[in-house]
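Scroll down for the structure; my scribbles are underneath it.
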Amino acid sequence: GVGWYTGENGYLYCDNLKVDDIRRQVPDSPFYMYSKERVTSNFNAYKKALDGLKYIIGYAVKANNNLIIMKHLQQLGSGAVLVSGNELKLAKAAGFDPSKIIFNGNGKLPWELELAVDSGVLINIDSEFDFENIVVAAKKVNKVARVLLRINPNVDPQVHPYISTGLAGSKFGIRNTHLQWFLDEIKKQPKVLLVGVHSHLGSTITKVSVFSDAAIIMCDFIKRINAEGFKLQYLNIGGGLGIDYKHAGDALPTPTELIDTVRSIVKEMELTLVIEPGRSMVATSCALVNTVTGVKTNGNKSFVVIDGSMSTLIRPSLYDAYQHIELTAPSSAPKQVFDVVGPVCESSDFLGLARELPTPKPGDGLVVHDAGAYCMAMASTYNLKMRPSEWWVSEGQLKKIRHQEALEDHVKLFEGL
Ligand code: LLP
């Protein structure tokens, strides 16, 4: 099998390896465990969906910045979507082709813009001041900046408000009512070349029709802009495809269904389609593997306490996100409803609420699924829970892909002070 599944013997597997066997070999707990094959197949699903179009798959590095995973995606032919100068530096270290890199963000700093223009990556204009900073950066490094205008199509993606980004009142993108100002200013700047438009609706999208709604609006903008003498090449429709976090067997749209909603308009207008998937590229490849510390009851509630916490994986605490939880081994113990919590000193420290599980024993393995996106990338060292190690199955073998962070790494920040 590829990825995460329960074998006929009732044990949990990651590719060909039994998770309980992996746990015996990995000295740390908790740890992030990936299927390299699953990352590959997620990427290939996009590649296949885009067949017949001109395109850039820009992997959104914010979802997971493990350098080994980034290198792997780069080798598969992926581009990269970045939101900071450090992400740009890491993407260059991973070997991404600058012509397939897009630099996004509503608060890009002067040094980041200089690096971006100098590296020849595509840059989104997010506001009036951002445009002015791009002009300054282009003059300073004496190169032409290739830019896209980030426009809010004002399409509601129907997701959690924290991750909805394409509405008119969003902190991202330009004021549409000010489009003409941008076009007039860009025309005056020989060091700025407008090559496309960008929109990003939000994240965890489960209805692909919102992408075609947005694409139609964006193509109208392209026509309007081209009527002013520009010749736009790129339509960037952002990222945002959701995944089946519930594991309830709900059929979620595939990359093919997503791309097919915009295929004809992209072809007709002879555009290069840019997409920016993060979550749908990496989330399903990984689970956080924890060890049960103990089980307790308070009032009318029962808790499974594990060694992983909101420091290791914050999405449930931060967004009320559901990530599926199960034990790594079959069990005939009576089932009970538990809150699965960590050792961090606050009540928001939970990985799952009201989950029915066979009552586990201390030392048992418990995984939090779909942990490949926005989990390790958002991990902190709160309570000095140092960031965990990462591993993957590659060609059937267990391999470490990131060291466990150590307390010494923290202590080092105070050396000589
Ligand atoms: N492009 C832009 C401009 C974005 O802002 C994002 C995500 C993406 C692409 C990638 O979206 P994806 O395909 O991963 O949905 N921390 C939150 C998610 C924040 C998403 C931010 N922007 C979470 O854990 O759910």
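Side chains included, hydrogens not; waters and symmetry mates left out as well; all remaining heavy atoms used. Note that the numbering runs from 1 along the sequence shown for the chain. In each ligand, atom 1 is the first atom listed, and ligand 1 is the first ligand listed.
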For ligand 1, is there an N or O atom under 3.5 Å from any N or O atom of [X]?
X    : result
E276 : yes
H198 : no
A60  : no
G240 : yes
Y319 : yes

For ligand 1, which part of [X] has a heavy atom less than 4.0 Å away: the side chain, the backbone, both, or neither?
X    : result
H200 : side chain
M281 : neither
P277 : backbone
Q323 : neither
R279 : both
F172 : neither

- request: Validate the cation-pi geometry between K62 and Y374: distance from NZ or CZ to the six-membered ring centre under 6.0 Å, angle to the ring axis within 45°.
  value: no

Among all protein heavy atoms in this structure, tell me which lies nearest to [atom], with the distance rounded to 0.1 Å.
atom                    : answer
atom 4 (C) of ligand 1  : K62 NZ, 2.9 Å
atom 24 (O) of ligand 1 : R315 NE, 2.7 Å
atom 19 (C) of ligand 1 : I163 CG2, 3.6 Å
atom 20 (C) of ligand 1 : Y374 OH, 3.7 Å
atom 15 (O) of ligand 1 : S203 OG, 2.3 Å

task: Check for a donor-acceptor pair, side chain of N290 on one end and backbone N or O of V367 on the other, with a separation under 3.5 Å.
output: no

- prompt: Does any N or O in the side chain of E185 come within less than 3.5 Å of the main-chain N or O of W181, such that one atom is a donor and the other an acceptor?
  reply: no

Would you kindly say whether [X] and [Y] are connected by a side-chain donor-acceptor distance under 3.5 Å?
X    : Y    : result
Q25  : D21  : no
N65  : E87  : no
D370 : T284 : no

query: Strictly under 4.0 Å, does any heavy atom of G238 approach an atom of ligand 1?
result: no

Could you list the atoms of ligand 1 found under 4.0 angstrom from a heavy atom of [X]?
X    : value
R150 : 3 (C)
N104 : 3 (C)
G239 : 9 (C), 13 (O)

Would one find more than 12 heavy atoms of other residues, nucleotides or ligands at under 6.0 Å from atom [atom1] of [X]?
X    : atom1 : result
H403 : NE2   : no
K48  : NZ    : no
K400 : NZ    : yes

message: I'd like to know if R23 pairs up with D20 as an ion pair, taking the criterion as any Lys NZ or Arg NE/NH1/NH2 lying under 4.0 Å from an Asp or Glu carboxylate oxygen.
response: yes

message: Between K187 and E228, does any NZ, NE, NH1 or NH2 come within less than 4.0 Å of an OD or OE carboxylate oxygen?
response: yes

field: Evaluation steps, side-chain contact (heavy atoms from CB on, under 4.5 Å), between C14 and Y34
entry: CA-CA 8 Å; C14 178; Y34 298 80; over 6 Å; no

